[in-house]
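Working notes for the structure below.
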Amino acid sequence: MSMFDRLEALFLEIEQKTGLKKHRILLEAGIDPAQYRAYKRASRSLSDDMLERLGKSEQVHVSVTRLKAWKAIDEFGSEVLQEAIAVLQAEQDA
């Protein structure tokens, strides 16, 4: 599941709970919906700034850290991130 798949599922969930459409959610977060669509069409990850704005939006109940994790999964893959977690755990145990 890609970052955009997760975001689309999140927007759908918000719409079902609040009635707000994705367009309105993006605008309220200070993100141009056309820019969002351009990133999605190009399969480019959203910038950290865009993720920060989304995560701080009143409508979005997902943390900035979780949004960045979704981006990291897209950029590096789950195997790389699992290895990174193992490295961090080994360093903490040392």
Quiz prompt | Co-members of Ile31 in a cluster of I, L, V, M, F, W and Y side chains, linked at under 4.5 Å | solution = Met3, Phe4, Leu7, Leu10, Phe11, Ile14, Leu20, Ile25, Leu26, Tyr36, Tyr39, Leu46, Met50, Leu51, Leu54, Val60, Val62, Leu67, Trp70
Practice problem: Not counting sequence neighbours, which residues clear salt bridge (charged side-chain N to carboxylate O under 4.0 Å, His left out) with Arg6? List them please. | Solution: none
Quiz item: Roughly how far, to the nearest 0.5 Å, is the CZ atom of Arg44 from the NZ atom of Lys71?
Solution: 10.0 Å
Exercise. Mind jotting down which residue pairs meet the salt bridge (charged side-chain N to carboxylate O under 4.0 Å, His left out) criterion with at least one end in residues 28-42? Sequence neighbours excluded, please.
Key: Glu8-Lys40
Exercise. Only pairs at least two apart or in different chains count here, so list each ring pair (Phe, Tyr, Trp, His ring centres under 6.0 Å) that has a residue in residues 71-94.
Key: none
Quiz item: Glu15: what forms a salt bridge (charged side-chain N to carboxylate O under 4.0 Å, His left out) with it, not counting sequence neighbours?
Solution: Lys21
Quiz item: Apart from Leu12 itself, which Ile, Leu, Val, Met, Phe, Trp or Tyr residues share its cluster (side-chain heavy atoms under 4.5 Å, direct or through members)?
Solution: none
Quiz item: Looking at residues at least two apart in the chain, or sitting in another chain, which of them share a salt bridge (charged side-chain N to carboxylate O under 4.0 Å, His left out) with Asp5?
Solution: none
Exercise. Before giving the answer on side chain to side chain contact (heavy atoms under 4.5 Å, CB included), spell out for Leu88 and Glu91 the whole-Å C-alpha distance, their side-chain angles and the decisive distance to 0.1 Å.
Key: CA-CA 5 Å; Leu88 290 172; Glu91 289 175 355; 4.1 Å; yes
Quiz prompt | Residues in side chain to side chain donor-acceptor pair (under 3.5 Å) contact with His61, at least two apart in sequence or another chain | solution = Glu13
Exercise. Enter the distance from Glu75:CD to Ile73:CD1 here, rounded to the nearest 0.5 Å.
Key: 11.0 Å
Quiz item: Linking Ile, Leu, Val, Met, Phe, Trp and Tyr by side-chain heavy atoms under 4.5 Å, what else ends up with Leu27?
Solution: none
Exercise. Please identify each residue that fulfils side chain to side chain contact (heavy atoms under 4.5 Å, CB included) with Gln89, with sequence neighbours left out.
Key: Ile85
Quiz item: Please, which pairs that meet salt bridge (charged side-chain N to carboxylate O under 4.0 Å, His left out) have at least one residue in residues 53-62, sequence neighbours excluded?
Solution: Asp49-Arg53, Glu52-Lys56
Exercise. Not counting sequence neighbours, which residues clear side chain to side chain donor-acceptor pair (under 3.5 Å) with Asp93? List them please.
Key: none
